[in-house]
Amino acid sequence: MKTDQILYGGDYNPEQWPEDIWPEDMRLMKEAGVNILTLNVFSWAALQPAEEVYDFRRLDRVLALAKENGMQVCMATSTAAHPAWMAKKYPEILRTDFGGIRRKFGGRHNSCPNSAVYRTMAARLAGKLAEHYKEETCITAWHISNEYGGACYCENCEAAFRVWLREKYHTLDALNAAWDTAVWSHTFYDWDEIVLPDTRSEYIDENRTQFPVITLDYRRFMSDSMLACFCLEKEAIRAQIPDARVTTNFMGFYENLDYQKWAQAMDFVSWDNYPSNEASYAEIGMSHDLMRSLKQGQSFALMEQTPSVTNWLPYNALKRPGMMRLLSWQAVAHGSDTVMFFQMRRSTGGCEMLHGALIDHVGTDQTRVFREAARLGRELAAFGGCTLGARTPARAAILFSWENWWAIDACAGPSQDLSYLPEVQNYYTALREMNIDTDLISPGDDLSKYRLILAPYWFMVKEEWAEAARAFVSGGGILVITCFSGIVDENDLAVTGGYPGKLKNLAGIWVEESDALPEGTENSFLYQGNRYPARILCDLLHLSGAAQMDLGGFERDFYRGCPVITRNLYGSGACWYIATTSSRQFYHDFLQDLCGQAGIRPVLTASEGVEVTCRENEGGRYYFILNYTDRAQTVYCPWETEDLLKHTVCPAGIMEIKAKDVMILRQETGKQEPAAI
Amino acid sequence: MKTDQILYGGDYNPEQWPEDIWPEDMRLMKEAGVNILTLNVFSWAALQPAEEVYDFRRLDRVLALAKENGMQVCMATSTAAHPAWMAKKYPEILRTDFGGIRRKFGGRHNSCPNSAVYRTMAARLAGKLAEHYKEETCITAWHISNEYGGACYCENCEAAFRVWLREKYHTLDALNAAWDTAVWSHTFYDWDEIVLPDTRSEYIDENRTQFPVITLDYRRFMSDSMLACFCLEKEAIRAQIPDARVTTNFMGFYENLDYQKWAQAMDFVSWDNYPSNEASYAEIGMSHDLMRSLKQGQSFALMEQTPSVTNWLPYNALKRPGMMRLLSWQAVAHGSDTVMFFQMRRSTGGCEMLHGALIDHVGTDQTRVFREAARLGRELAAFGGCTLGARTPARAAILFSWENWWAIDACAGPSQDLSYLPEVQNYYTALREMNIDTDLISPGDDLSKYRLILAPYWFMVKEEWAEAARAFVSGGGILVITCFSGIVDENDLAVTGGYPGKLKNLAGIWVEESDALPEGTENSFLYQGNRYPARILCDLLHLSGAAQMDLGGFERDFYRGCPVITRNLYGSGACWYIATTSSRQFYHDFLQDLCGQAGIRPVLTASEGVEVTCRENEGGRYYFILNYTDRAQTVYCPWETEDLLKHTVCPAGIMEIKAKDVMILRQETGKQEPAAI
Amino acid sequence: MKTDQILYGGDYNPEQWPEDIWPEDMRLMKEAGVNILTLNVFSWAALQPAEEVYDFRRLDRVLALAKENGMQVCMATSTAAHPAWMAKKYPEILRTDFGGIRRKFGGRHNSCPNSAVYRTMAARLAGKLAEHYKEETCITAWHISNEYGGACYCENCEAAFRVWLREKYHTLDALNAAWDTAVWSHTFYDWDEIVLPDTRSEYIDENRTQFPVITLDYRRFMSDSMLACFCLEKEAIRAQIPDARVTTNFMGFYENLDYQKWAQAMDFVSWDNYPSNEASYAEIGMSHDLMRSLKQGQSFALMEQTPSVTNWLPYNALKRPGMMRLLSWQAVAHGSDTVMFFQMRRSTGGCEMLHGALIDHVGTDQTRVFREAARLGRELAAFGGCTLGARTPARAAILFSWENWWAIDACAGPSQDLSYLPEVQNYYTALREMNIDTDLISPGDDLSKYRLILAPYWFMVKEEWAEAARAFVSGGGILVITCFSGIVDENDLAVTGGYPGKLKNLAGIWVEESDALPEGTENSFLYQGNRYPARILCDLLHLSGAAQMDLGGFERDFYRGCPVITRNLYGSGACWYIATTSSRQFYHDFLQDLCGQAGIRPVLTASEGVEVTCRENEGGRYYFILNYTDRAQTVYCPWETEDLLKHTVCPAGIMEIKAKDVMILRQETGKQEPAAI
């Protein structure tokens with residue numbers, strides 16, 4: 001975006017208020033240092049009161065006021081919630097739920113993504129907005145719809161699914177083979193025999209399908225369907241404003257949409273960060289790093305966060321003093337060029353009435369929340385724009401794939417405790433707590449810039465992914481794969497010839513069986529002199545080239561002695577295999593060793609509870625040091641740096657950082673500038 | 001009702017039995033002292049075997065037999081379960097459930113309250129019954145339908161909802177403003193765009209709506225819809241019998257129906273008391289007191305209770321020896337003029353086959369349950385009618401409002417542990433265990449007769465309610481309000497200008513933020529030298545006139561020191577604010593202080609586990625002393641009284657009451673007699 | 001079946017694989033000793049690609065290959081999963097679920113059993129298969145459909161239910177009386193007014209009906225409906241092959257189908273044994289014994305078990321080394337003449353991809369699972385056919401009835417902890433752990449051959465059952481009945497005159513009340529000097545002829561002293577009554593006494609954890625000794641026997657059996673041979 005500082009602001013919904021309050025809103029927002037407003041997120045019913053009537057007059061007035069007050073604008077298209085009149089006139093735009101019930105008007109994110117009426121109406125509105133506002137230079141970005149999500153199981157989607165399948169498989173023979181429909185008499189002789197996978201067809205209950213591969217393709221299809229809606233709106237905007245910068249707000253690890261595919265269609269990634277009360281900084285950081293990695297490290301926008309409370313958690317605790325500032329800087333530390341809130345003024349109606357806002361129901365600047373926000377606004381303004389577009393020089397990466405996620409979740413067995421995200425988090429947390437910057441990349445991304453790649457539960461492996469993995473290791477990389485890997489191909493068909501399938505030679509092992517441990521039980525193993533637990537799944541593997549790296553294998557049960565950790569030297573690199581799931585301590589100790597071997601070192605060395613990340617651009621390297629603890633901590637920096645918040649020079653050495661405080665240090669370098677988002 | 005003693009009897013369903021058993025039933029019921037039978041509760045299919053055919057012959061025979069045996073009759077209208085033929089012929093009478101599925105015939109309470117066919121048929125049957133039996137002087141009351149409840153989401157209800165809304169709001173502009181439909185693009189341009197709030201529209205799951213205010217109006221509408229059904233039947237009866245006394249049986253704290261509104265349409269309140277095994281006497285007492293307060297203290301009818309077991313609890317334990325008697329007298333102690341059972345003879349079919357009855361499947365008087373009932377029958381006969389119509393001279397009240405309940409339950413946030421009824425119960429229990437008689441009144445009731453009023457979680461405050469509260473305090477009353485109060489108006493719109501909104505000046509405080517405590521955590525505070533826990537919600541408030549009455553505020557967290565208990569002197573009275581939820585001990589200690597300040601004293605002083613209530617009429621004051629414990633206890637009475645069960649004179653002083661026993665003492669006074677129900 | 005050894009093999013689904021793999025399959029299966037294949041279980045879509053087209057060519061090739069390799073074949077009819085084209089063309093074949101939603105194509109077991117199209121199509125396919133393969137002597141049995149189950153609530157089923165009811169009751173008066181429809185205005189005046197019992201009619205939630213008797217008849221009807229489907233296919237086969245041996249695979253204690261009625265229509269019983277990880281040998285044994293008892297002790301077929309893992313348990317642990325062999329012999333020990341697996345080769349697609357198989361995804365014989373299976377194959381071949389058709393000489397029996405199960409589950413009250421199967425298991429386990437062979441028979445079976453019969457929770461008692469019980473006891477038998485017995489008749493109507501109803505005179509007691517114990521509470525009693533807990537339900541009973549056999553009755557509560565265990569001498573026998581539910585220890589101690597009195601002795605005396613069963617035929621008595629523990633144990637045999645696995649002679653005396661090992665000893669006798677299955 002066009003800016004010379006970190007953009008600061010957020011969602012502003014003045015349509016909920018009498019207009020005579022707007023000037024006071026402006027006064028308060030400027031007092032808080034706000035310089036960007038997201039407008040028009042949920043106004044479709046007002047913008048288009050009837051099919052052939054568009055009325056942008058109120059939005060014109062809001063925009064004029066924003067301009068007068070020097071605000072940039074992130075202009076939303078309002079298409080995330082269709083008007084009631086449209087639902088009444090065109091019931092086809094309503095979704096059908098997983099149980100087969102057609103919805104009525106209500107809620108939001110309520111439109112069927114394969115409704116021709118919805119697609120036409122949404123693109124038309126986006127086009128009209130773009131046409132109307134194309135000269136408005138204050139519009140710094142376009143925000144299509146809002147938090148795309150959900151799914152639809154209506155007849156239009158069913159018909160569209162068949163078209164999608166025909167485009168993918170061309171012939172029914174190919175589909176029958178890919179889906180292995182000989183199982184349970186599922187052979188299809190006509191495309192129209194194929195039905196959507198829901199509780200009327202393949203699902204026994206909400207989470208258990210009787211035919212996983214159909215779910216896998218349905219998820220791909222539904223993600224693509226919504227992406228098509230996004231692209232139609234984007235094209236309508238581009239037709240009017242060829243250089244418009246277009247985004248939609250993501251939700252971190254949101255399973256329904258393949259953001260890795262979506263990001264390719266977006267000019268920049270933006271996302272909404274709503275951690276639970278209990279989320280650790282490593283959990284939040286992993287989401288940021290995923291968002292950053294979606295566009296190969298390009299900086300992103302923090303589009304929404306709450307300044308104080310949410311209203312939809314089981315227990316909506318207040319963000320403690322200082323936490324809003326800390327989490328805002330954390331976003332920047334991980335790659336954001338914005339700090340934005342939902343929302344500017346607290347609603348008096350609707351179900352988010354108790355959700356926090358810059359301006360509370362009391363309507364003044366005399367609240368803790370406002371004061372903290374205004375203080376941050378001043379700090380951001382003083383900080384300026386030096387980090388804009390800066391990139392994170394990560395040498396470690398974790399492979400993460402939506403398709404793998406979907407395949408794992410659709411799979412029946414082996415253990416209800418086996419879950420993809422927690423295991424990815426286990427590995428990430430170990431690296432994060434060592435202050436090793438890590439990307440979360442697709443297996444299809446360029447692997448060559450990393451020295452260490454971790455691929456937990458890599459259940460689905462495509463041939464080209466396996467090829468890339470082999471090339472990475474051959475070229476000297478260190479790859480870690482784990483149990484529950486290499487089991488299926490991209491059609492969710494099990495590989496023959498022994499697990500981990502396409503990774504078998506690379507790993508130099510054969511996994512004969514996998515034992516799912518009943519609830520509350522565990523095995524154990526020794527590694528580097530320490531004993532660690534083995535949980536959830538234990539592979540019974542045979543070495544076929546790899547060396548056993550643990551001491552003596554599993555310690556109990558009939559597979560006592562079976563190797564737990566193996567290493568296969570392959571080309572110039574090595575492929576490790578971890579035959580089970582273990583404890584936080586194990587991941588820490590193991591990855592510390594591996595990082596040492598890979599020559600990867602912490603950004604800086606800091607006390608526990610202190611996060612350090614790095615971004616870099618032509619202006620130098622920026623070290624973000626964030627102390628999440630309630631007491632002062634230390635960090636060691638071996639170079640002289642400049643403290644960008646205090647505007648002081650810091651000699652090399654140990655520094656103190658106060659409780660819940662942030663330090664940003666710049667080290668001079670001489671690199672090329674990456675483009676800002 | 002017309003009676004010279006407490007009415008004793010209950011539901012009698014002879015249609016389930018061969019007629020040759022009826023005389024034996026009469027013999028056994030008379031042996032048990034029964035003098036009233038509720039007849040005809042579920043006989044619609046028999047009374048009207050086809051649309052144009054009515055057949056009351058069997059009911060004639062039952063009634064004749066009842067008369068012969070000197071029984072009074074509570075005549076039900078049988079409209080709580082429509083016949084199967086009607087469902088087949090007129091499917092519109094069937095309800096549609098919350099998920100959008102139209103029901104078929106089955107169960108009971110199965111009719112759509114907005115079905116024109118149902119309304120016509122039900123009123124016609126009630127009218128025919130009244131016409132047929134209008135000369136029967138044994139009919140002492142009319143019992144319309146049975147335990148009204150549930151809800152319907154069919155198209156007829158949707159159309160009726162729109163009519164109801166139009167009557168309420170007149171214009172869509174007014175509705176759009178009241179509902180704040182600018183949120184999430186909900187603006188309605190045509191009444192027909194409005195749909196019912198269920199899982200097809202606004203609900204994410206059974207308990208989470210995305211648009212609370214619609215639910216609030218829907219609940220009002222659905223309660224009104226059933227009330228309209230009641231009124232139609234009542235009018236049909238009145239057209240035949242102008243002085244008929246009409247009721248329907250309530251269910252205590254039943255959320256779906258606004259009994260405060262319903263009670264205005266009823267001649268007297270009656271209700272069905274089915275406590276769980278674990279219910280304390282204070283829990284049961286609170287329901288009785290609510291029922292009594294619905295008609296401003298008029299005595300009510302205990303319409304149903306089980307003589308021994310229920311069949312629908314998770315664990316259907318037997319009522320222990322003596323408990324049936326004790327709970328029967330407790331009803332009288334709290335304002336009932338009847339003691340009635342479901343039912344006289346145990347069914348052999350249906351799902352209540354294992355529900356207790358006066359006459360068990362064995363069919364004799366040789367059971368413990370029968371013997372206890374017969375003993376109570378004799379006791380009631382001997383006791384006579386002196387307490388009929390007597391009133392409870394309560395000086396303390398708790399504000400309770402169905403609309404407030406609905407608004408709280410529809411609200412998203414702040415904590416899933418925040419629940420209206422338990423908090424009302426906390427305050428009530430403290431008063432009850434001090435033996436302070438308490439009314440449970442609507443905020444719209446006359447407040448002037450009370451000295452102390454408690455208003456826990458008074459989330460929704462209407463302007464006239466706030467006005468009444470101010471007048472009450474101005475006039476010298478003590479009002480206690482708590483956290484989560486004054487947040488919305490009657491349209492569920494948040495108040496601006498600071499919480500607790502319309503009560504802010506009265507309370508002399510401003511609540512800036514509210515912290516929801518995560519599960520398992522608590523804060524604490526000191527009051528009168530004792531430490532108490534702070535739970536669920538902690539308000540961060542500022543004094544603006546009030547004085548802090550706790551010592552030092554919250555003891556932990558960043559709002560350490562914030563006041564917990566405040567008192568604002570206002571006119572001649574005081575408004576207290578409790579900024580959190582606390583423990584049983586706190587409510588006890590705090591309310592003991594406040595009662596002292598308000599000059600409210602226990603009815604009598606008694607040992608723990610002994611309940612004492614008072615009723616009074618022209619014949620004097622009646623003290624009901626009920627010992628729920630398993631050992632003898634004591635009670636102190638400072639006046640000479642007459643023991644109405646033992647027929648002895650009791651000198652002033654300490655008296656003993658045996659385990660599980662009841663004493664009823666009369667003190668002579670000279671008051672005016674209230675009307676019997 | 002035609003065989004001279006225990007049949008060994010299982011499901012083979014070559015249609016899922018390229019044909020060039022089939023020869024390798026054959027090679028591997030023969031290596032493993034397989035001699036029987038179940039073919040064609042889920043191939044309908046392939047066999048009948050369009051309504052008038054049948055194509056058996058691939059099946060011909062499979063069968064030819066099987067024959068060439070000397071395999072016997074169990075030929076399935078493929079009708080358990082209809083083709084997608086059929087669902088599209090004839091939507092009436094699709095089931096409607098319990099919530100009223102019509103299903104679409106998908107899953108399996110998906111056809112409405114009352115669809116005329118389904119019945120016609122299924123029978124036609126079965127007939128075509130039989131016609132096509134009638135000369136194939138390798139086909140040793142016909143396997144109709146697969147694991148019949150589920151239920152349907154569509155309009156066709158509703159119409160068929162009315163026909164079924166009319167056939168049963170003839171008149172609506174009779175139905176109204178049997179169903180006691182006077183309750184809750186349920187009187188029916190036209191058969192078409194009757195609707196199916198589901199969540200649209202009588203059900204409040206998944207498990208709570210408001211009219212139990214309708215559910216009881218619906219369950220009978222639905223079981224009969226599927227049985228009719230079975231019979232239609234059977235007749236179509238018999239029309240071609242008059243002496244075909246026909247079965248379908250049962251699922252042990254599967255509630256939806258009355259296997260006692262089904263078994264009468266089957267030539268032999270077969271079933272699928274999938275115990276949970278935690279199942280004890282007594283739990284598995286009880287299922288085997290039920291299956292054996294369905295056809296009065298005729299030997300049965302173990303149709304399916306997994307060689308290693310399942311994929312659908314919460315935690316799919318591997319079968320430990322030796323366990324597959326042990327469980328295979330256990331089946332034989334309890335009456336099976338086969339040992340069969342699901343399946344021969346592991347699927348690469350579908351939801352059972354991770355289910356174990358003889359040939360794993362790796363595709364070789366180099367796996368633990370294959371090796372264990374091949375070892376068992378050799379053992380079975382060496383063992384030969386001496387036990388084929390042998391019968392279990394049980395002298396103890398437990399009464400088990402599907403109708404009783406259904407009635408208990410539909411009943412509202414008295415305790416949610418009261419459950420039929422666990423209590424049957426309690427009694428069974430006590431006998432099994434004493435190594436007393438036990439049949440699980442219907443109350444309608446011949447009782448005369450037993451000395452001891454246990455009838456836990458015999459809630460529903462038909463007159464003829466009561467008569468048989470009286471005759472059994474009169475004739476010298478010992479009968480044990482328990483609380484929650486004799487309460488309803490076959491129409492689910494409560495008996496009058498006192499519980500346990502029709503068994504009251506036989507038991508010599510009257511149960512006045514039953515107290516359901518709240519969660520976590522228990523009472524206690526003394527028996528033979530030991531104290532035991534009383535749980536779930538405590539009957540308050542009076543002796544009317546019986547003698548109290550416990551010491552002092554219940555030890556607590558107001559019914560302290562009430563008898564817990566009574567014995568009524570009746571004719572030459574005795575009827576015992578146990579007025580509560582107790583602990584494992586009590587059942588053990590009590591039944592040990594009773595077996596002593598009945599002259600029933602353990603098959604052999606063995607250490608704990610060692611199961612011993614007996615089968616016998618003209619060739620002698622066979623003692624199966626199975627050691628489930630992880631260490632060597634002992635067994636005492638008082639006769640000289642022959643060890644049939646080691647081919648040695650064993651002198652009388654104590655023998656050792658190794659951990660997880662099996663011994664089969666033959667004792668010479670001179671009995672008549674029963675027919676093989």
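Every chain is numbered from 1 and lettered A, B, ... according to where its sequence line falls, protein lines coming before strand lines.
Distance CG/C/Asn316 to CG/A/Leu517: 12.0 Å, rounded to 0.5 Å. The line from CD of C/Glu278 to CD of A/Glu519 is 9.5 Å long, rounded to the nearest 0.5 Å. The CH2 atom of C/Trp85 sits 12.5 Å away from the CG atom of A/Asp190 when rounded to the nearest 0.5 Å. Taking CG of C/Asp360 as the start and CD of A/Glu512 as the end, the distance is 7.5 Å to the nearest 0.5 Å. Within the model, atoms NZ of C/Lys88 and CD1 of A/Ile194 stand 11.0 Å from one another, a figure rounded to the nearest 0.5 Å. One finds the CZ atom of C/Arg368 at 10.5 Å from the OH atom of A/Tyr559 (value rounded to the nearest 0.5 Å).
Residue A/Trp184 comes nearest to C/Cys351 through the heavy atom pair CH2-SG, 3.5 Å, listed as atom of the first residue, atom of the second, then distance. Closest approach of C/Met353 and A/Val488 over heavy atoms only: CE-CG1, 3.4 Å. For A/Glu202 against C/Gly107, the heavy-atom pair with the smallest separation is OE1-N, 2.6 Å. Minimum heavy-atom separation, C/Ala317 to A/Asp515: CA-OD1, 3.4 Å.
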Test side chain to side chain contact (heavy atoms under 4.5 Å, CB included) applied to A/Ile101 and C/Ile101, step by step: CA-CA 9 Å; A/Ile101 304 291; C/Ile101 305 291; 3.8 Å; yes
A/Asp180/C/Thr348 under side chain to side chain contact (heavy atoms under 4.5 Å, CB included): CA gap, chis, key distance, verdict: CA-CA 8 Å; A/Asp180 203 6; C/Thr348 58; 3.3 Å; yes
CA sep, side-chain torsions, deciding dist, call: C/Met86, A/Glu193, side chain to side chain contact (heavy atoms under 4.5 Å, CB included): CA-CA 9 Å; C/Met86 201 181 290; A/Glu193 291 162 19; over 6 Å; no
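Contact annotation for A/Thr199: only backbone heavy atoms (N, CA, C, O) come within less than 4.5 Å of a heavy atom of chain C. Both the backbone and the side chain of A/Leu493 have a heavy atom closer than 4.5 Å to some heavy atom of chain C. For chain C, the nearby parts of A/Asp417 are the backbone and the side chain; heavy atoms of each come within less than 4.5 Å. Contacts of A/Asp192 with chain C are made by both backbone and side-chain atoms, with heavy-atom separations under 4.5 Å. Proximity to chain C (any heavy atom under 4.5 Å) is restricted, for A/Thr209, to the backbone atoms N, CA, C and O. In this structure, no portion of C/Ala87 lies under 4.5 Å from any heavy atom of chain A. For C/His82, the part lying near chain A is the backbone, with the side chain staying farther off; criterion is any non-hydrogen pair under 4.5 Å. Contacts of A/Cys538 with chain C are absent, with no heavy-atom separation under 4.5 Å from either backbone or side chain.
The backbone N or O of A/Ser201 sits less than 3.5 Å from a side-chain atom of C/Arg103, completing a donor-acceptor pair. Panel note: side chain A/Ser185, backbone C/Ala45; a donor-acceptor pair is recorded below 3.5 Å. With C/Tyr315 contributing its side chain and A/Gly413 its backbone, the two residues share no donor-acceptor pair below 3.5 Å. C/Gln16 contributes no side-chain N or O that, together with a main-chain N or O of A/Val183, makes up a donor-acceptor pair within less than 3.5 Å.
Taking the six-membered ring for Trp, A/His186 and C/Phe105 have ring centres closer than 6.0 Å.
Within 6.0 Å of CD in C/Glu206 there are 12 or fewer heavy atoms belonging to other residues, nucleotides or ligands.
Salt bridge absent: A/Arg200 and C/Asp97 never bring a charged side-chain N and a carboxylate O closer than 4.0 Å. Electrostatic pairing of A/Glu513 and C/Lys319 does not count as a salt bridge here, judged by no charged N lying under 4.0 Å from a carboxylate O.
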